[in-house]
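Below is one structure; the comments refer to it alone.
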Amino acid sequence: MYSLTTEQSFDAAHFLKGYDGKCSALHGHRWRVLIELRRATLQTSGPKRGMLLDFGEVKAALQQLCDHLDHCLIYERGSLRPTTVAALTDEGFRLVEVDFTPTAEHFARYFYEQMCRRGFPVHRATVYETPNNCAAYEEDA
């Protein structure tokens, strides 16, 4: 089995509504995202002969996803009052609303699914919330 891994990062704030701890307060991270692709065979012809995939294509797709989340406040739908969202928007803050609690675990699944939708043979997505703490997602075999 051949594998290829690429990495990108983004800086963003989040909070965990209803969490009983420090992470219930607004705070930020440098999120690190690693995507591992796997395939049993390499390409056998054309300009990508001998490659699983072109690193450039994988890096560009992951970078696009990370750029969407860079330098913003990521919040779960319904976790902020409409007046808060309006005030933050009026102040010029960039907000990204998601349909999940913005934890490393959920982000791992998010990146896994987004890269799969782009046609990549994703084996695992790993998201580091801090340099020493990460969560990973992969489908059952």
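Excluded from the calculations below are hydrogen atoms, water molecules and symmetry mates; all remaining heavy atoms, backbone and side chain alike, are included. Sequence positions, counted from 1, serve as the residue numbers for this chain.
- Expressed to the nearest 0.5 Å, how far CZ of Arg94 lies from NE2 of His68 amounts to 6.5 Å.
- The shortest distance between side-chain heavy atoms of Tyr2 and Leu42 falls below 4.5 Å.
- With hydrogens and angles ignored, the 3.5 Å screen pairs no side-chain donor or acceptor of His123 with any backbone N or O of Arg38.
- Side-chain contact of Arg32 with Ser9: a donor-acceptor pair under 3.5 Å is absent, judged by distance alone.
- Residues Phe10 and Val96 share a single hydrophobic cluster, defined by chaining ILVMFWY side chains whose heavy atoms lie under 4.5 Å apart.
- One finds no salt bridge joining Asp54 and Lys48 here, because no Lys/Arg side-chain nitrogen approaches an Asp/Glu carboxylate oxygen to under 4.0 Å.
- The shortest heavy-atom contact between Val33 and Cys66 is CG2-SG, 4.1 Å.
- Considering CD of Glu139 and SG of Cys116, their distance stands at 7.0 Å, rounded to 0.5 Å.
- Residues Tyr128 and Met115 do not share a hydrophobic cluster, clusters being chains of Ile/Leu/Val/Met/Phe/Trp/Tyr side chains in contact below 4.5 Å.
- For Thr89 (side chain) and Val85 (main-chain N/O), a donor-acceptor pair under 3.5 Å exists by modelled atom type.
- Checking side-chain atoms of Asp70 against main-chain N and O of Asp11 turns up a donor-acceptor pair under 3.5 Å.
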### Query
Can you list the steps and then say if Arg109 with Glu138 is a salt bridge (Lys or Arg N to Asp or Glu O under 4.0 Å)?
CA-CA 8 Å; Arg109 184 172 185 165; Glu138 61 185 74; over 6 Å; no
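- Taken to the nearest 0.5 Å, the OG1 atom of Thr6 stands 9.0 Å off from the CD atom of Gln63.
- Of the inter-residue distances, the one linking Thr5 atom OG1 with Glu36 atom CD reads 4.5 Å to the nearest 0.5 angstrom.
- Two residues are said to be in side-chain contact when any heavy atoms from C-beta on lie closer than 4.5 Å; Leu16 and Thr103 meet this criterion.
- Side chains of His14 and Tyr75 form no contact here, defined as non-hydrogen atoms less than 4.5 Å apart.
- Cluster annotation: Leu62 and Leu37 are assigned to the same hydrophobic cluster (Ile/Leu/Val/Met/Phe/Trp/Tyr, side-chain heavy-atom contacts under 4.5 Å, transitive).
- In this structure, Leu4 CG and Ile35 CD1 are separated by 11.0 Å, a value rounded to the nearest 0.5 Å.
- Between the side chains of Glu76 and Thr101, at least one donor-acceptor pair of N or O atoms lies under 3.5 Å.
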### Message
Using ring-ring contact (aromatic ring centres under 6.0 Å, His included), reason through Phe107 and Trp31 one step at a time and then give a plain yes or no.
### Response
CA-CA 10 Å; Phe107 278 124; Trp31 302 86; 5.0 Å; yes
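- Distance alone, capped at 3.5 Å, places no donor-acceptor pair between the Gln43 side chain and the Gly50 backbone.
- Side-chain contact between Phe15 and Ser79 is present, with heavy atoms from C-beta onward closer than 4.5 Å.
- Just one residue in the list Phe100, Phe111, Tyr137, Tyr112 forms a ring-ring contact (aromatic ring centres under 6.0 Å, His included) with His106, and that residue is Phe100.
- Judged by distance alone, the side chains of Asn133 and Glu129 never bring a donor and an acceptor atom under 3.5 Å apart.
- Under the 4.5 Å side-chain heavy-atom criterion for Ile, Leu, Val, Met, Phe, Trp and Tyr, Leu65 and Val127 are members of the same hydrophobic cluster.
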